[in-house]
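All remarks here apply to the structure that follows.
In what follows, chains are A, B, ... by sequence order, proteins preceding strands, each numbered from 1. Keep in mind that what you see is a predicted model, and the values were worked out from it rather than measured.
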Protein chains: 2
Amino acid sequence: MKTQTIEKINLFSQEEKIIAQVILGDCLEALKNVKPNSVDLIVTSPPYVDQRDGTYGGIKPGEYVAWFLPRSAELLKVLKPTGTFILNIKEKVVDGERHTYVLDLIREMKRQGWFWTEEFIWHKKNCYPGKWPNRFRDAWERLLQFNKRKQFHMYQEAVMVPMGDWAKVRLKNLSETDKIRDNSKVGSGFGKNISKWVGREMAYPTNVLTMATETSNKNHSAVFPNELPSWFIKLFTKRGDIILDPFLGSGTTSVAALELDRNSIGIEIKKEYFDLAIQNINRQIRP
Amino acid sequence: MKTQTIEKINLFSQEEKIIAQVILGDCLEALKNVKPNSVDLIVTSPPYVDQRDGTYGGIKPGEYVAWFLPRSAELLKVLKPTGTFILNIKEKVVDGERHTYVLDLIREMKRQGWFWTEEFIWHKKNCYPGKWPNRFRDAWERLLQFNKRKQFHMYQEAVMVPMGDWAKVRLKNLSETDKIRDNSKVGSGFGKNISKWVGREMAYPTNVLTMATETSNKNHSAVFPNELPSWFIKLFTKRGDIILDPFLGSGTTSVAALELDRNSIGIEIKKEYFDLAIQNINRQIRP
DNA sequence: GTTCCGCATGAATCGATAG
DNA sequence: ACTATCGATTCATGCGGAA
C-alpha cells in the first residue's frame, strides 16, 4: 500500500491547507486505516460488472452484492453520522433483461444499517451510441443516496439554478468570471446571500440531473464528468470538509474536491489509475 | 360488472372497426373474462400507495406487493407471448427514506414469470412543487418494461424523433393534421418511409422520456399525459392490435389507442372514473 | 391574429398537532 | 409510542383575458 499526499494552499485562509490524499490499494483494506466517523461525503462510481478486466477478481452479476457489502460496511464506519454516501451505479443487461443486483444491493445495504434516502437520476444527454433490435440506448444511471441517519447536512442553496425558461438563456449569458464568482461565494458559505440576491429568479433543482458525459478522455473508460461529483460536493459539504472516493479511477472526485476547497481521500487499486489520478490532481493545482 | 363498448370506423379499411371496450369492476375479476394470450400491450399506472382509505382499501406500502401480484398474474395470462407490459410506478417516501415496495415488486414479478426487460425513465418537467430540508422535488417516475419472452414486437421507427430533440416528445408543436398524418403512416406500416423521408434528421430515442404532466385540464386530473401511452402504443403495437389498461382512470390509454387505430380494453373499478372514461373516449370520436 | 401577463392547479413531503 | 389529519412550502404549465 502506497500513499501520496498533495497539498494546496487554501485561498481563503492562508494558514489552512487543502489536502488531497491518494491511496494505492483495495478499499476494503485501505478503509480500515481511515479514521471512523471522519468523512463528510462519499461519492463514487464503483467498477461495473464485467466492465474492467479482472482487477477485482472479475465480478459477475450474481456475485456483485457479496463483493460490495464488506466494502460498504467499511464506508459506513468512516462516514460521519451527518454525512452522505452517493453511489453511482447502473445494472447491466444480462441475457436480455436488466439484472437485479442493484436492487438487491439496496435491500442489503438497508439491512446493513444504511438509510436509502433518495434516488437521483443522472440523465446522460450524449449517451453511448448504438442500436439494438429490442431496446434503445441507455441514457440514465442511478445516483443512490444513502445516509446513516435521517438528519444529515445539506446545503441546498449551493446548487440553486435559474428558474424555468430563463435557465437556458441565462446560463449561456453568464460570463466565465460570473460562474467562478458564484462558486467562490457558495464555497465561502455565501449561498444564502446568492439566493436572496437573485430573489425570485432562482429555484431549487429536482432529483433529475442532466449532464453530458465527458468524451474528451480517450484513454480511460467513460467515468463520470467533473460536474457530477462537483454538484454533490456543493450540495452536501462545506469548505474544509472531507470527501472520500473508494474507487477513485482517474481522480475526478479528488479534482472536484480540490477545486471547491474540500479535502479528499481517494483510493484506487490499479497502479495505472493511481498514477493518473495524481497527475490529474497536480494539474488542477498547477495547470 | 358492467361493460360498455364504443366503436369507431376504421378510416383505412372501412369494413374493420376499431373497438374500445370499457369494463366497470376490479381488474382481478374482470381479467378472468379476457381471452388468454390476446393482448398486445398492457400499459397502466396503478393506484399508488395511499394513506387515505381509497377504493382499493387504502393500500399501505407494506401491503402493496401482495395486493399487486395476483393482478399481475392475470395480466401474464392475457398478454400475448410477443406482447409487452409497461408499468408506470414510483415509490413514496416513508419515514424519511424511499420505500422498497417497487423494488420488491420487480423481484416478485420476475419470480412470477415476467422478464424485466428495461426500465424507462419518465422525466416530469413540471413536477409537484415544495421544499424540504433534506430532499428536492421528485421529478421522475419509473416505466418498467416486462415481457413474457425475450423476443417481443417492437417498432422502433414509429417513435423516431428529430435529431437534437432526443428524449423530448415535441408533439405539441405539430398541428393536429400533422399528428393524424404521422400516426396514419405509422399505423399503416409506413414508419420506415418516414425515417427515410426525413433522412438523416431523425434519430432513435433513448430510454429517458421527457414529458410534462397535464395539470390544468379542466375536467379532471389526468394521471399521465396522453403522450405517454401514445408513445408506447406506437413503439410496441401496430394498427388493429389490442391495448389493455387494467387501471384505466380517466381513460387516457383508451383515448390514445383509439387515436392510433388500436383496439383497447380498459378496466376501472370506480364508477365515477368509468363514466368519465367513456365520456372522454366518445369525445375523441366525435369532438 | 399575436404576445404577454396573471392565475389556478397539481400521484409531494415534512413537521406539528390531535386522538 | 403510534397513527391520522392539516397547514406551509413551492414552481412549471396551460388557460383565459387583456393590450
Side-chain angles (χ1 to χ4, degrees), chain A residues 115-120 145 147 149-152 154 156-157 159-170 195 198-208 210, chain B residues 43-64 68 87-99 101-102 105 121-144 168-173 175 210-229 245 247-250 252-253 268 270 273:
Chain A
F115 285 99
W116 181 35
T117 307
E118 179 60 304
E119 180 172 351
F120 291 80
Q145 177 188 348
N147 292 93
R149 293 185 184 171
K150 283 161 198 167
Q151 296 291 357
F152 49 87
M154 196 178 194
Q156 303 191 352
E157 291 80 10
V159 293
M160 289 187 87
V161 290
M163 281 185 77
D165 290 330
W166 275 62
K168 301 136 196 167
V169 186
R170 190 75 168 192
S195 71
V198 288
R200 293 288 309 157
E201 294 171 11
M202 300 288 275
Y204 293 101
T206 70
N207 58 359
V208 177
T210 301
Chain B
V43 52
T44 195
S45 190
Y48 289 8
V49 166
D50 242 344
Q51 305 285 7
R52 299 162 294 188
D53 49 322
T55 316
Y56 288 95
I59 314 138
K60 289 172 187 167
E63 303 165 355
Y64 198 84
F68 196 86
L87 178 60
N88 170 221
I89 197 167
K90 181 65 190 264
E91 60 268 40
K92 276 203 161 145
V93 171
V94 177
D95 204 15
E97 61 178 336
R98 290 280 167 197
H99 203 278
Y101 58 87
V102 174
L105 180 61
I121 293 295
W122 171 20
H123 179 8
K124 296 184 288 186
K125 201 156 160 44
N126 58 337
C127 58
Y128 201 93
K131 185 190 182 308
W132 311 275
N134 54 352
R135 68 179 60 247
F136 288 140
R137 290 168 294 150
D138 191 3
W140 66 278
E141 294 192 13
R142 304 179 194 278
L143 292 162
L144 303 170
K168 269 189 193 173
V169 180
R170 299 195 56 198
L171 291 175
K172 282 173 192 169
N173 294 340
S175 72
T210 302
M211 300 177 194
T213 55
E214 289 169 358
T215 56
S216 61
N217 251 3
K218 271 186 187 173
N219 298 337
H220 260 273
S221 57
V223 182
F224 42 38
N226 181 280
E227 280 89 344
L228 200 48
D245 188 342
F247 305 98
L248 189 60
S250 58
T252 313
T253 301
E268 173 56 42
K270 218 172 174 181
Y273 279 99

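A residue-by-residue look at Pro133(B) and Glu141(B) shows that Glu141(B) has its nearest nucleotide of DNA chain C further toward the 5' end. Heavy-atom distances to DNA chain C give each of Asn134(B) and Asn126(B) a nearest nucleotide, and the one nearer the 5′ end belongs to Asn126(B).
Within 4.0 Å of Pro46(B), counting heavy atoms only, lies at least one base atom of the nucleic acid.
In this structure, Ile89(B) atom CD1 and dA12(C) atom P are separated by 14 Å, rounded to whole Å. Atom CH2 in Trp122(B) sits about 11 Å away from atom P in dA12(C), given to the nearest Å. One atom, CD of Glu97(B), and another, C1' of dT13(C), lie 15 Å apart when rounded to the nearest Å. Atom-to-atom, CG of Leu248(B) to P of dA11(C) comes out at 17 Å; the value is rounded to the nearest Å. Atoms OH (Tyr128(B)) and C1' (dA8(C)) sit 12 Å apart, rounded to a whole Å. The interatomic distance linking Lys150(A) (NZ) with dG15(C) (C1') rounds to 14 Å, in whole Å. Rounded to an integer number of Å, the gap from Met154(A) CE to dC14(C) P is 11 Å. Atoms NZ (Lys124(B)) and P (dT9(C)) sit 19 Å apart, rounded to a whole Å.
In the set dC14(C), dC11(D), dG15(C), dG15(C) carries the atom at the smallest distance from any side-chain atom of Gln151(A). Comparing atom distances between the Lys131(B) side chain and each of dG15(C), dT9(D), dA12(D) picks out dT9(D) as nearest. Comparing dA11(C), dC11(D), dT13(C) by their nearest atom to the side chain of Pro129(B) picks out dC11(D). Of the listed nucleotides (dA11(C), dT9(D), dT13(C)), dA11(C) has the atom at the smallest distance from the side chain of Ser45(B).
A donor-acceptor pair is defined here as one N or O able to donate and one able to accept, closer than 3.5 Å; no such pair exists between the side chain of Arg137(B) and the backbone of Asn126(B). With hydrogens and angles ignored, the 3.5 Å screen pairs a side-chain donor or acceptor of Gln156(A) with a backbone N or O of Pro133(B). A donor-acceptor pair under 3.5 Å is absent between the side-chain atoms of Tyr204(A) and the main chain of Gly130(B), judged by distance alone.
For the pair Arg98(B) and Val93(B), the minimum side-chain heavy-atom distance is below 4.5 Å. Looking at heavy atoms from C-beta onward, Asn134(B) lies out of side-chain contact with Glu118(A) at the 4.5 angstrom threshold.
Neither OP1 nor OP2 of dG10(C) sits under 4.0 Å from any side-chain N or O of Arg137(B).
For dA4(D), the glycosidic angle deviates from 0 by more than 90°, giving an anti base.
Partners of Glu141(B) under the side-chain contact (heavy atoms from CB on, under 4.5 Å) rule, at least two apart in sequence or in another chain, are Tyr48(B), Asn88(B), Lys90(B), Trp122(B), Lys124(B). With sequence neighbours excluded, the residues that form a side-chain contact (heavy atoms from CB on, under 4.5 Å) with Arg142(B) are Trp116(A), Glu119(A), Arg142(A), Ile89(B), Glu91(B), Val102(B), Leu103(B), Glu119(B), Trp140(B), Leu144(B).
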DNA chain C base-pair string [pairs: Watson-Crick or G-U under 3.5 Å; |: paired with another strand]: .|||||||||.||||||||
Take Thr252(B) and Asn226(B), measure what side-chain hydrogen bond (donor to acceptor under 3.5 Å, both in side chains) needs, and give me the verdict at the end. CA-CA 6 Å; Thr252(B) 313; Asn226(B) 181 280; over 6 Å; no
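For Thr213(B) against dA11(C), a side-chain-to-base donor-acceptor contact under 3.5 Å is absent.
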